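In what follows, a single structure is set out as structure tokens and then discussed.
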Protein chains: 2
Amino acid sequence: MKIGELAGRTGLNASAIRYYEQVGLLAAPHRASGQRRYADDAVHRVRLICFASEMGFTLGEIKIFLGGLRDDAPVGPRWKKLAERKIVEVKRTIERSVRLKSLLEHLLRCHCASLAICVERLSLSENLKRIRSGKVVKGKI
Amino acid sequence: MKIGELAGRTGLNASAIRYYEQVGLLAAPHRASGQRRYADDAVHRVRLICFASEMGFTLGEIKIFLGGLRDDAPVGPRWKKLAERKIVEVKRTIERSVRLKSLLEHLLRCHCASLAICVERLSLSENLKRIRSGKVVKGKI
DNA sequence: CTAGAAGTTCAAGCTGACTTTAGGTCAAGC
DNA sequence: GCTTGACCTAAAGTCAGCTTGAACTTCTAG
């Protein structure tokens, strides 16, 4: 399979696949006259990477946990450790988002004379403090 | 108040405040011998910006909605429109995160022989499709 | 045989929200 | 008067995860 087909079958861009190879997420496949030729299981591997990426793992993390790990290897303790850390992160995201949502809904309904008053009324500064103390990196899942 | 004090009182870095001024979020204050001197209400304005930022609005959005808007102006229809759009986004984030969390929790508990099998068993490909079709930008709130 | 689609490399560019650096000016305390 | 720390500007650097561009080669259909 050439890179274009792999791209088509995984929904990625060919350049993304080359990039994954470049950063060590994907082993360099064998080549026919300079062009990459992938075995069928590459599709699976790439999908696994996509999956982990969708799960919120960074490529760096995925690299660590896929390093030397074959797709048919058991779910190891390292994976589990990372999953544990991620669960904490995701929980924080959920809490934060729920709070955010209720604040936004208030903003929609409210009859406050000004943004400033609205913010005060909600004692948002307190919310803000809580959000901040959570040290949730803005926008990060 | 000099920039350092404003920074201290808002929890921001002085360079971030200069940056906000640069991108038009903050009006240029009057100067004493070249140095910025802020009135007390600047603290409030900066906190409002932080608040919106924490709420997941981009600086570009905040700029639009603060453009010509005084802190004591009523919460206008433009704010509300943006809030509506944001609520949709935040809802998606919540759904996605909840799904993510349960997947991760499964990963912790599971006895699947391999990641591949584990992923199959959860019919994650289906989840993946759903996640993707939501067109949620990865990692974005 | 030839056009053009698809492959290659390497380097640079993009987004967002800042931070850092370099090189200078100003203010306050001793 | 001198030192030290806070301030100034402009430009470049940072992070992730790619994408794009330039310049070139290889494959495939007609």
Side-chain angles (χ1 to χ4, degrees), chain A residues 1-26 28-38 42 46-66 86 89 131-132 135-141, chain B residues 1-26 28-38 42 46-66 86 89 131-132 135-141:
Chain A
M1 187 187 345
K2 291 197 270 182
I3 199 169
E5 194 186 334
L6 181 58
R9 285 171 66 176
T10 57
L12 288 182
N13 204 311
S15 65
I17 294 172
R18 284 190 207 102
Y19 175 71
Y20 284 172
E21 183 181 321
Q22 187 189 315
V23 297
L25 268 177
L26 231 40
H30 111 264
R31 293 189 179 221
S33 55
Q35 298 190 342
R36 292 168 179 84
R37 297 301 156 104
Y38 294 93
V46 171
R47 288 212 182 116
L48 209 52
I49 292 169
C50 290
F51 163 65
S53 166
E54 299 280 352
M55 276 178 111
F57 294 88
T58 67
L59 295 192
E61 288 168 337
I62 298 171
K63 186 181 169 181
I64 292 168
F65 290 96
L66 249 46
K86 279 292 161 179
E89 270 180 46
I131 287 170
R132 280 211 175 138
K135 302 223 166 141
V136 177
V137 177
K138 208 189 301 168
K140 183 155 186 185
I141 285 197
Chain B
M1 183 185 355
K2 291 196 272 184
I3 199 169
E5 194 185 333
L6 181 57
R9 286 171 63 176
T10 57
L12 287 181
N13 203 312
S15 63
I17 293 172
R18 286 191 207 102
Y19 174 73
Y20 285 171
E21 183 181 321
Q22 186 188 315
V23 297
L25 269 177
L26 231 40
H30 113 263
R31 294 188 179 220
S33 56
Q35 297 189 343
R36 291 169 180 84
R37 297 302 157 104
Y38 294 92
V46 170
R47 288 212 182 118
L48 208 53
I49 292 169
C50 290
F51 162 66
S53 165
E54 299 281 352
M55 277 178 111
F57 294 88
T58 68
L59 296 192
E61 288 168 339
I62 299 171
K63 186 182 170 182
I64 291 168
F65 291 96
L66 249 47
K86 280 290 162 182
E89 270 179 46
I131 287 169
R132 280 209 175 139
K135 301 221 166 143
V136 176
V137 178
K138 209 188 301 171
K140 181 153 189 186
I141 285 195

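Note that the coordinates shown come from a computational prediction; the quantities given were computed from them, not determined experimentally. So that the names make sense, note that chain A is the first sequence line, chain B the second, and so on, each numbered from 1. Below, each value reflects all heavy atoms present in this structure, side chains not excepted, and no hydrogens, waters or symmetry copies.
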### Query
Between D:dG17 atom C1' and A:I49 atom CD1, what is the distance in whole Å?
13 Å
### Message
Can you measure B:M1 atom CE to D:dA6 atom P for me and round it to whole angstrom units?
### Response
17 Å
### Task
In sequence, state the C-alpha distance, the side-chain angles, and the governing distance for B:R37 and B:K2, and then conclude on side-chain contact (heavy atoms from CB on, under 4.5 Å).
CA-CA 5 Å; B:R37 297 302 157 104; B:K2 291 196 272 184; 3.5 Å; yes
### Task
Let me know the distance between NZ of B:K63 and C1' of C:dC18, rounded to the nearest Å.
16 Å
### Query
Minimum heavy-atom separation for A:N13 to A:A7, with atom names?
C-CB, 4.1 Å
### Query
Rounded to the Å, how far apart are B:E5 CD and C:dA28 P?
13 Å
### Query
In whole Å, what is the span from the CD atom of B:Q22 to the P atom of D:dA11?
10 Å
### Query
For every nucleotide of nucleotides 20-30 of chain D, 5' to 3': is a protein heavy atom under 4.0 Å from its base (B), only from its sugar-phosphate (S), or from neither (-)?
B-----SSS--
### Task
State whether B:Y20 places a side-chain N or O below 4.0 Å from either non-bridging phosphate oxygen (OP1 or OP2) of C:dC18.
yes
### Summary
In this structure, CZ of A:R36 is separated from CG of A:L26 (nearest 0.5 Å) by 9.5 Å
### Message
Using C1' atoms of five pairs at each end, report the bend of the helix from C:dC1-D:dG30 to C:dC30-D:dG1 rounded to 10 degrees.
### Response
10°
#### Entry: Short side-chain N/O contact from A:R36 to OP1 or OP2 of C:dG7, under 4.0 Å
no
### Query
Between B:K63 (side chain) and B:V23 (backbone), is there a donor-acceptor pair under 3.5 Å?
yes
### All salt bridge (charged side-chain N to carboxylate O under 4.0 Å, His left out) counterparts of A:R9, not counting sequence neighbours
A:E5
Pick out the pairs of N or O atoms, protein on one side and nucleotides 1-5 of chain D on the other, that lie under 3.5 Å.
none

### Message
Check this one for me: any side-chain N or O of B:R18 less than 4.0 Å away from OP1 or OP2 of C:dA17?
### Response
no
## Note on the structure
Atom OH of B:Y19 and atom C1' of D:dA10 are separated, to the nearest Å, by 15 Å
### Task
May I ask you to test the B:M1-B:P29 pair for a side-chain heavy-atom distance under 4.5 Å?
no
### Query
In whole Å, what is the span from the CD atom of A:E21 to the P atom of C:dG7?
14 Å
### Task
For B:I17 and for A:I3, locate the closest nucleotide of DNA chain C by heavy-atom distance; then report the residue assigned to the nucleotide nearer the 5' terminus.
A:I3
### Message
My understanding is that only residues two or more places apart in sequence, or in another chain, count here; which of them pass side chain to side chain donor-acceptor pair (under 3.5 Å) with A:R18?
### Response
none
### Integer-rounded Å distance: D:dC7 P and B:R31 CZ
13 Å
### Task
List for me each residue that meets side chain to side chain contact (heavy atoms under 4.5 Å, CB included) alongside A:E61, sequence neighbours excluded, and say none if there are none.
A:F57, A:T58, A:L82, A:R85, A:K86
### For the student: nearest non-hydrogen atoms of B:L6 and B:T10, plus distance
O-OG1, 2.8 Å
### Task
Name the closest nucleotide to the A:T58 side chain, picking from D:dG17, C:dC18, D:dT9.
D:dG17
### Task
Side-chain contact test, heavy atoms from C-beta onward, threshold under 4.5 Å: evaluate it for A:I17 versus A:Y38 and give yes or no.
yes
### B:Y20 OH to B:L59 CG distance, which is reported to the nearest 0.5 Å
5.0 Å
